[in-house]
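Scope of the values below: all heavy atoms of this structure, side chains included, with no hydrogens, waters or symmetry mates. Computed from a prediction, not measured in an experiment: that's the story for all the values here.
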Amino acid sequence: MYIGKLIIGLAMAAVTFMSCGDSRQVSKGHLNDELKLKGDLTVYGLACEGCSDSVIVLLPNDGSDPVRYDIIDAMRRGRVLGKPKVGDWMGLVINSEDSTVADMAIDLDELKGTWCYIVMPKMRDYENMSKRMQERMERNMPDSVKATYMIPREYGFSLKRQWTAASVGYVREQSSLADESPVVYPQLSYFTEWHIWNGKLVMTSGKPDLENIDKEGSLKLKDVRLDTCDIVYLRDDSLVLASDGVQRSYYRQSPENSINKKAQAMIEKLTKEALQATTGE
């Protein structure tokens with residue numbers, strides 16, 4: 001009798017893990033509650049079999065039995081971000097009055113990845129010009145200058161496992177050429193971490209401290225900044241974040257696509273031309 005119960009118990013446990021995806025994700029580290037921000041009440045776990053437009057079945061990080069959460073109101077209010085699939089890493093904000101209801105559900109596996117947006121350069125000292133002067137300069141700018149310098153760039157960030165992040169959009173260029181360029185681009189933030197804090201996205205950025213490198217060769221940050229954003233929309237290849245009343249839309253960039261390929265090619269062309277002018281070759 002005991003052996004029979006043991007076999008049944010093991011079978012049920014196996015079914016539970018299989019229906020929630022690869023259980024090894026729990027031990028990989030990116031589900032570790034120790035990495036949560038202080039004060040974060042978000043519940044993390046894996047989506048299990050039985051998820052629908054009205055219910056999220058979540059396998060908690062502690063390995064306890066799956067829990068069913070009602071998401072009808074969250075779905076109606078557009079607070080189910082992403083399209084949960086079996087095995088996906090999820091973050092739920094639980095209703096303060098009813099522990100069986102999730103006010104928000106975020107598919108964190110869908111949130112991970114590289115997200116970009118387009119930036120355009122501005123003429124140097126553009127902000128110090130009058131509006132009339134700005135319009136005049138843009139109108140009289142030769143087409144050759146526009147083709148050379150008015151090149152859009154992709155800025156963004158990559159959200160990775162274990163709450164690590166990285167900036168994308170860096171273009172290698174010589175400082176002398178950048179100083180002589182008639183245009184300037186917005187500063188690219190240096191991101192290192194991301195977190196969820198009660199349903200909001202928190203991005204950590206700062207300035208690389210070149211004189212402070214740890215034993216693993218990683219740069220430390222100075223002037224650390226935490227940007228907290230509302231996740232307005234997440235589905236497939238689209239992400240919308242809002243902060244201080246301003247929204248920004250992002251598109252997902254696939255790893256095989258080279259970011260800022262055109263911009264980098266133009267920088268290399270200008271560098272080669274500058275070298276030739278200097279050497280006379």
Side-chain angles (χ1 to χ4, degrees), residues 12-13 15-113 115 159-163 165 193-203 226-243 247 250 252:
M12 291 179 64
V15 170
T16 298
F17 282 124
M18 289 175 62
S19 64
C20 297
D22 188 351
S23 63
R24 290 174 297 174
Q25 293 189 61
V26 177
S27 62
K28 286 181 179 179
H30 73 284
L31 298 179
N32 194 339
D33 279 355
E34 294 179 359
L35 300 178
K36 291 173 60 173
L37 291 180
K38 184 178 180 179
D40 179 27
L41 301 179
T42 307
V43 175
Y44 299 96
L46 301 179
C48 295
E49 191 74 40
C51 292
S52 66
D53 290 342
S54 59
V55 171
I56 290 287
V57 182
L58 191 76
L59 178 68
N61 284 356
D62 59 13
S64 57
D65 293 338
V67 182
R68 293 171 58 89
Y69 293 97
D70 185 317
I71 58 168
I72 294 177
D73 286 342
M75 182 67 73
R76 185 181 299 118
R77 292 183 289 105
R79 296 289 75 199
V80 177
L81 301 162
K83 192 173 182 181
K85 299 171 291 297
V86 173
D88 280 1
W89 179 33
M90 302 292 301
L92 305 184
V93 178
I94 309 304
N95 186 281
S96 59
E97 298 181 357
D98 188 344
S99 61
T100 66
V101 174
D103 291 334
M104 179 185 291
I106 308 171
D107 190 324
L108 298 175
D109 271 338
E110 194 166 334
L111 182 60
K112 287 189 301 183
W115 298 98
L159 306 182
K160 306 178 182 181
R161 291 180 53 239
Q162 293 185 305
W163 303 115
E193 296 180 18
W194 69 285
H195 287 88
I196 295 297
W197 187 79
N198 298 324
K200 297 178 183 291
L201 175 64
V202 179
M203 298 289 296
L226 299 180
D227 290 316
T228 303
C229 306
D230 292 312
I231 307 174
V232 178
Y233 181 85
L234 171 64
R235 181 59 65 88
D236 300 325
D237 295 332
S238 297
L239 171 67
V240 180
L241 301 177
S243 179
Q247 291 190 5
Y250 299 80
R252 191 186 298 276

Nearest atoms (heavy-atom pairs only) where [X] meets [Y]:
X: Val80; Y: Ile71; value: CG2-CD1, 4.0 Å
X: Leu46; Y: Trp89; value: CD2-CA, 4.1 Å
X: Ile56; Y: Cys51; value: CA-SG, 4.0 Å
X: Asn95; Y: Asp103; value: ND2-OD1, 3.1 Å
X: Met203; Y: Ala165; value: CE-CB, 4.4 Å
X: Met90; Y: Pro84; value: CE-CG, 3.7 Å

[atom1]/[X] to [atom2]/[Y] distance, rounded to the nearest 0.5 angstrom?
X: Leu37; Y: Lys200; atom1: CG; atom2: NZ; answer: 13.5 Å
X: Leu81; Y: Arg235; atom1: CG; atom2: CZ; answer: 9.0 Å
X: Leu241; Y: Asp227; atom1: CG; atom2: CG; answer: 10.5 Å
X: Leu234; Y: Glu110; atom1: CG; atom2: CD; answer: 5.0 Å
X: Asp109; Y: Leu159; atom1: CG; atom2: CG; answer: 11.5 Å

Report yes or no: does [X] contribute a side-chain atom to a donor-acceptor pair with the main-chain N or O of [Y] at less than 3.5 Å?
X: Trp194; Y: Lys160; answer: yes
X: Trp197; Y: Lys38; answer: yes
X: Asp40; Y: Asn198; answer: yes

Listing request: all side-chain hydrogen bond (donor to acceptor under 3.5 Å, both in side chains) pairs with a residue in residues 77-86, at least two apart in sequence or in separate chains. Lys85-Asp88

For Asp53, look at atom CG and say whether over 12 heavy atoms of other residues, nucleotides or ligands are found less than 6.0 Å away. no

Counting neighbours of CZ on Arg252 that are heavy atoms of other residues, nucleotides or ligands and sit closer than 6.0 Å, is the number greater than 12? yes

Tell me every residue that passes salt bridge (charged side-chain N to carboxylate O under 4.0 Å, His left out) with Asp98, counting only those two or more places apart in sequence or in another chain. none

Sequence neighbours excluded, which residues qualify as side-chain hydrogen bond (donor to acceptor under 3.5 Å, both in side chains) partners of [X]?
X: Asp73; answer: Arg76
X: Ser54; answer: Ser52
X: Asp107; answer: none

For Ser243, give me all partners under side chain to side chain contact (heavy atoms under 4.5 Å, CB included), at least two apart in sequence or on another chain. Cys229

Just say parallel, tilted or perpendicular for the rings of Tyr44 and Trp163, cut-offs at 30° and 60°. perpendicular

What I'd like to find out is whether the side chain of [X] reaches to under 4.5 Å of the side chain of [Y], using heavy atoms alone.
X: Leu239; Y: Leu111; answer: yes
X: Ile231; Y: Ile196; answer: yes
X: Tyr69; Y: Val43; answer: yes

